[in-house]
Amino acid sequence: MAAKRDYYEVLGVDRNADEKAIKSAYRKKAIQYHPDKNPGDKEAEEKFKEAAEAYDVLSNPEKRAKYDQFGHDMGPTGFPGGGGGFHAGGFSMEDIFSQFGDIFGGAFGNMGGFESAGGRTRRRQRRGTDLRIKIKMTLEEIATGVTKTLKIPTLVKDTHCNGTGAKDGTAFTTCPTCNGSGTVIRQQQTMFGLSQSAVECPQCHGEGKIITEKCTHCHGEGVVRKDETVTFSIPAGVQDGQTLTMRGKGNAAPHGGANGDLLIVIEEVKHPELIRDGNDVIYNLMLDIPTATLGGSVEVPTITGRARMKIPAGTQPGKVLRLRGKGLPSPDGYGTGDELVNVMVYIPENLTPESRQAIESLQGKPEMTPDASTKNRIFSKLRHIFE
């Protein structure tokens, strides 16, 4: 078996070529080796596929980065291992022509909602539209996961006509334009000559039949609006802005077909005291000078309530104390984050004469002034805040 050629070599571009240069190079190769321009030429067809395979990888930033790192050993799914990379054997002509809407402005792409299948043309199944809802969740809910039940206004199949849009589900006649096939042949002049393609029939919209009498309940749409009760579970550890998908729980398709999906978008409600950082949560603790100096015990908020923690004597501003396992669970079920208590020390702004006198009495004492090693230790802990 011949070794696979380098993708940059296939398209004839430099390894630093930008997206525009890669697209331009692929366009030239596609025109040069297009089957319509080289009928019966197997070598040209293979080069046509090879160029499409190279473009599929190099036009995708993520695939290109993996290819630059691992070459053809990146595996069939785009990850290292699995031996074989993106191989032309699994890259069909239909896959290639599906790229052409972007490269050639749709001149060669599949038209009208139809796709090729073994030399035949078949209608794609209609699909209902997706529904999107936003769910607000507190940190407490995110920590445990929740199950919610909602009523959602949805388009559902009309039972009066069985979703067909025709009276009693039977008031149809064969489309006279396409004779029931759902397709018509369209001719188009391209740079390779006259091209023929099967497109959706404009009269019956690919259904092969037309309604002679509309259903009076749905007015010929095949769907009606109804409040549907939906119950769904949201796992622990979800992120703000994350979208969960419930397949088939969206709107029904007009005149039959698959339902759309229900998209559940998570909106995290800000906690009054805690700040989320991935699976960890942060609490900013303000200490007074005596507690920071002498140590003590303080109470801090957590996701599940309150916790008492020990403050070591000599705690410096910027020190981070950790409460293990008091954060949020990982969405994949592996481990739980921590609560990070960021220490700040309050410096009084207004002093009574007695307090001022007490502080003045400490000035000049050796233990009140940090030495060089203490300064370096404290500054090294604070440096990460500014880097």
Residue pairs involving residues 256-266 (criterion salt bridge (charged side-chain N to carboxylate O under 4.0 Å, His left out); sequence neighbours excluded)
R127-D261, R247-D261
Applying salt bridge (charged side-chain N to carboxylate O under 4.0 Å, His left out) as the test, list every pair that has at least one member in residues 345-355; sequence neighbours left out.
none
Could I get the full list of side-chain hydrogen bond (donor to acceptor under 3.5 Å, both in side chains) partners for D6, not counting sequence neighbours?
R15, Y67
Distance-only donor-acceptor hits, side chain of residues 307-315, under 3.5 Å, sequence neighbours excluded:
| unit_1 | atom_1 | unit_2 | atom_2 | d |
| --- | --- | --- | --- | --- |
| R308 | NH1 | S297 | O | 3.4 |
| R308 | NH1 | S297 | OG | 3.1 |
| T315 | OG1 | P312 | O | 2.5 |

For L351, which fellow cluster members are found when Ile, Leu, Val, Met, Phe, Trp and Tyr are connected by side-chain heavy-atom distances below 4.5 angstrom, either directly or through intermediates?
I359
Does a side-chain N-to-carboxylate-O contact under 4.0 Å join E46 and K42?
no
Test side-chain hydrogen bond (donor to acceptor under 3.5 Å, both in side chains) applied to K249 - qualifying residues, sequence neighbours left out:
none
Please list every donor-acceptor pair under 3.5 Å in which a side-chain atom of residues 165-178 meets a protein atom from a residue at least two apart or in another chain.
| unit_1 | atom_1 | unit_2 | atom_2 | d |
| --- | --- | --- | --- | --- |
| K167 | NZ | E213 | OE2 | 3.4 |
| T177 | OG1 | Q203 | OE1 | 2.3 |

Sequence neighbours left out, what pairs pass salt bridge (charged side-chain N to carboxylate O under 4.0 Å, His left out) with at least one residue falling in residues 296-307?
E273-R306, E299-R306
Please set out all donor-acceptor pairs under 3.5 angstrom arising from side-chain atoms of residues 215-231, sequence neighbours excluded.
| unit_1 | atom_1 | unit_2 | atom_2 | d |
| --- | --- | --- | --- | --- |
| H217 | ND1 | D158 | OD1 | 3.0 |
| H217 | ND1 | D158 | OD2 | 3.4 |
| H217 | ND1 | H160 | ND1 | 3.3 |
| T231 | OG1 | T149 | OG1 | 2.9 |

Qualifying residues under side-chain contact (heavy atoms from CB on, under 4.5 Å), relative to S24, sequence neighbours excluded:
K28
Check side-chain contact (heavy atoms from CB on, under 4.5 Å) between N350 and all other residues, then give those that pass, not counting sequence neighbours.
none
With salt bridge (charged side-chain N to carboxylate O under 4.0 Å, His left out) as the rule and sequence neighbours excluded, what pairs involving residues 132-144 come up?
E141-K148
